[in-house]
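What follows is one structure encoded as structure tokens, with my remarks underneath.
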Amino acid sequence: MLHFRVCRLFWAMAATGQEGTLARTHEGEPGLPRGRNRLPLRAVRASHRERLLRSVIAAVAEAGYPAVTVADIVRLARVSRVAFYAEFADKEDCFLTATREGGRLMSSRVVSATRALPTDRPDERALRAAFRAFLRFLADEPAFARVFYIDMPAAGPLALERLDAADGWFAGLTQKWHERARTRHPEWPAVPSEAYLALVGATAELVRSTIRTGQDRQV
């Protein structure tokens with residue numbers, strides 16, 4: 001059932017061709033006004049940062065992390081290299097910041113979906129709501145999904161640490177749900193902590209495989 005739901009969502013997103021708000025760039029659009037303007041410096045820097053974070057996601061999703069340069073990122077963001085280095089140390093710093101913020105949005109979507117349910121809802125409904133929110137986020141943000149599941153593993157040791165941390169967070173969330181549910185379902189078996197990580201890993205592989213399949217379908 002999980003594999004079917006993943007495939008259905010990702011094939012649907014592949015058909016639309018949309019990339020999501022986390023990868024919306026300003027390529028071909030004017031940059032912010034140069035020289036003196038009425039925009040406060042804080043607002044200008046915030047706009048530059050947002051543009052750069054979206055642009056690195058778009059660039060990496062299109063070309064892959066190794067091929068992307070700072071020049072590619074600033075071109076899509078329509079900001080200067082000076083503005084880039086005012087916010088980030090290098091390409092890796094920008095990439096890790098963008099994926100971290102995208103990951104936070106993803107986890108927030110999952111938590112919000114379960115908290116929105118009535119307190120007396122069935123335990124299985126909470127789990128379904130969490131998975132549905134997770135998959136819906138990836139379907140809404142296909143460029144981020146490709147970057148997170150395809151490019152992150154090849155982006156260096158810090159990126160791998162971030163992936164491990166994300167796996168640990170989702171495994172911990174699943175463990176809390178299961179242990180809480182077992183107080184109401186004592187017949188449910190206890191499982192070792194490694195099982196929760198195994199579930200997260202299997203889900204990640206299904207998502208990764210489906211993203212690749214979606215990419216192939218677009219060629």
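We use all heavy atoms of the structure for the numbers below, so side chains are in, but hydrogens, waters and symmetry mates are not.
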Heavy-atom pair with the smallest gap, counting every atom of A83 and H48: CB-ND1, 3.5 Å
E141 with R109: basic N within carboxylate O range, under 4.0 Å: no
Atom pair CG (L96) and CZ (R162), whose distance is rounded to the nearest 0.5 Å: 4.5 Å
Same apolar cluster: F131 and Y196, side chain cutoff 4.5 Å: no
Which atom of I211 lies closest to which atom of R146, heavy atoms considered: CG2-CG, 3.4 Å
Any donor-acceptor N/O pair, S209 side chain to E205 backbone, under 3.5 Å: no
4.5 Å side-chain heavy-atom contact, L53 and F88: yes
Minimum heavy-atom distance between A61 and V147, given as atom pair plus value: N-CG2, 3.6 Å
Sub-4.5 Å side-chain heavy-atom contact between F148 and L163: yes
Point-to-point distance, once rounded to the nearest 0.5 Å, from CZ of R208 to OG1 of T210: 11.0 Å
Heavy-atom donor-acceptor pair, K91 side chain to Y65 backbone, under 3.5 Å: yes
Minimum heavy-atom distance A171-L197, with the two atoms named: CB-CD2, 3.7 Å
pair L22-L105: side-chain heavy atoms closer than 4.5 Å: yes
Spacing of CE belonging to M106 relative to CG belonging to D140, to within rounding of 0.5 Å: 13.0 Å
Nearest-0.5 Å distance, CZ of residue R115 to OG of residue S108: 8.5 Å
Between CG on residue D93 and CZ on residue F84, distance to nearest 0.5 Å: 7.5 Å
Main-chain N/O of A43 paired to S47 side chain as donor or acceptor, under 3.5 Å: no
Check against side-chain contact (heavy atoms from CB on, under 4.5 Å), T114 and W177: CA-CA 10 Å; T114 57; W177 167 82; over 6 Å; no
Nearest-0.5 Å distance, OG1 of residue T99 to CG of residue L158: 10.5 Å
Main-chain N/O of V79 paired with R51 side-chain donor or acceptor, under 3.5 Å: no
Backbone N/O of R104 and side chain of S107: donor-acceptor pair under 3.5 Å: yes
For A67 against D72, the heavy-atom pair lying closest together: O-OD2, 3.8 Å
Min side-chain heavy-atom separation V110-F170 under 4.5 Å: yes
Min side-chain heavy-atom separation P118-R125 under 4.5 Å: yes
Residue pair A113 / A129: nearest heavy atoms and the distance that separates them: CB-O, 3.9 Å
Contacts of E179 that satisfy side chain to side chain donor-acceptor pair (under 3.5 Å) - sequence neighbours left out: Q175
Within 6.0 angstrom of R184 CZ, more than 12 heavy atoms from elsewhere: yes
Hydrophobic cluster identity match, W169 and F134, side-chain contacts under 4.5 Å: yes
Other residues, nucleotides, ligands: >12 heavy atoms within 6.0 Å of E101 CD: yes
4.5 Å side-chain heavy-atom contact, V70 and D90: no
Mutual orientation of the aromatic rings belonging to H178 and W188 [parallel < 30°, tilted 30-60°, perpendicular > 60°]: parallel
4.5 Å side-chain heavy-atom contact, I150 and R212: yes
Side-chain touch F95/M152, heavy atoms, less than 4.5 angstrom: yes
